[in-house]
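Note that the numbering runs from 1 along the sequence shown for the chain.
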Amino acid sequence: MLSAVRQIKGKVAIVTDGLIMYLTREEQKKFLQNIRKILAKNGGVYITYDFSARDTVKGASKVMYGDKEQEKIYKESAKVYESIAENNFDSAFFKDMAEAKAFVEAQGLKVELMPILAPGTTLYSEKELTVAQKERLNAWKNEKFMWVISVK
């Protein structure tokens with residue numbers, strides 16, 4: 001990352017999706033420190049929802065299947081990824097978003113949490129949802145799962 005950014009002039013946007021859980025804590029720390037170096041030099045942001053991926057999956061499961069099924073659906077989804085990656089996701093994830101935020105900030109970065117969807121966004125698939133699913137979806141749309149990370 002550091003050698004690639006040398007050729008970039010101006011602000012950068014670094015985006016990852018589904019990366020952090022494949023790294024050890026030490027690798028996560030080094031990754032974030034490299035992100036900080038890049039952002040300190042060029043300006044810009046690092047955007048991800050990796051630190052809240054578990055909560056995002058559980059929230060999406062809740063939209064479709066309700067409170068009762070969200071944990072079961074999450075665990076079934078995690079099994080698929082774990083078999084491919086040969087990794088235990090629950091041990092790779094942080095205990096909660098507060099712990100993840102503290103870890104990110106300890107690397108000299110600032111975190112702003114935002115909703116994944118812009119206000120007023122309507123998904124094409126909404127027309128197929130039940131009234132209860134639409135209500136849960138509208139609540140989920142306001143949850144702040146997207147991490148916009150910058151230098152302190």
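Proximity of Lys29 to Glu26: side-chain heavy atoms (C-beta onward) are separated by under 4.5 Å at one or more points. At a threshold of 4.5 Å between non-hydrogen side-chain atoms, the residues Asp55 and Glu143 do not count as touching. Residues Phe103 and Val111 form no side-chain contact, since every pair of their non-hydrogen atoms from C-beta on lies 4.5 Å or further apart. Taking the side chain as every heavy atom from C-beta outward, Ile47 and Ile14 never approach each other to under 4.5 Å. Looking at Leu109 and Lys152, their side chains never come closer than 4.5 Å, going by heavy atoms from C-beta outward.
In terms of modelled atom types and a separation under 3.5 Å, the side chain of Thr130 and the main chain of Gln133 share a donor-acceptor contact. Side-chain N or O atoms of Arg54 include one that pairs as donor or acceptor with a backbone N or O of Lys95 at under 3.5 Å. With Thr56 contributing its side chain and Ser52 its backbone, the two residues share a donor-acceptor pair below 3.5 Å. Asn42 places a side-chain N or O within 3.5 Å of a backbone atom of Ile8 that can act as its donor or acceptor partner. Using modelled atom types, no side-chain atom of Gln33 and backbone atom of Gln107 make a donor-acceptor pair closer than 3.5 Å. Between the side chain of Glu135 and the main chain of Ala132, no donor-acceptor pair closer than 3.5 Å is present.
In this structure, the salt bridge (charged side-chain N to carboxylate O under 4.0 Å, His left out) partners of Asp67, at least two apart in sequence or on a different chain, are Lys62. Applying the side chain to side chain donor-acceptor pair (under 3.5 Å) test to Glu27 and every residue at least two apart in sequence or in another chain returns Thr24.
The aromatic rings of Tyr46 and Phe31 sit perpendicular, their planes meeting at an angle over 60°, well past the 30° parallel limit.
Taking 4.0 Å as the cut-off between side-chain N and carboxylate O, Glu105 and Lys101 count as a salt-bridged pair. In summary, Lys58 and Glu71 engage in a salt bridge, as defined by a charged side-chain N under 4.0 Å from a carboxylate O.
Between Arg136 atom CZ and Ser61 atom OG the span is 11.0 Å, to the nearest 0.5 Å.
Each of Val131 and Leu123 belongs to its own hydrophobic cluster when Ile, Leu, Val, Met, Phe, Trp and Tyr are linked at side-chain heavy-atom distances under 4.5 angstrom.
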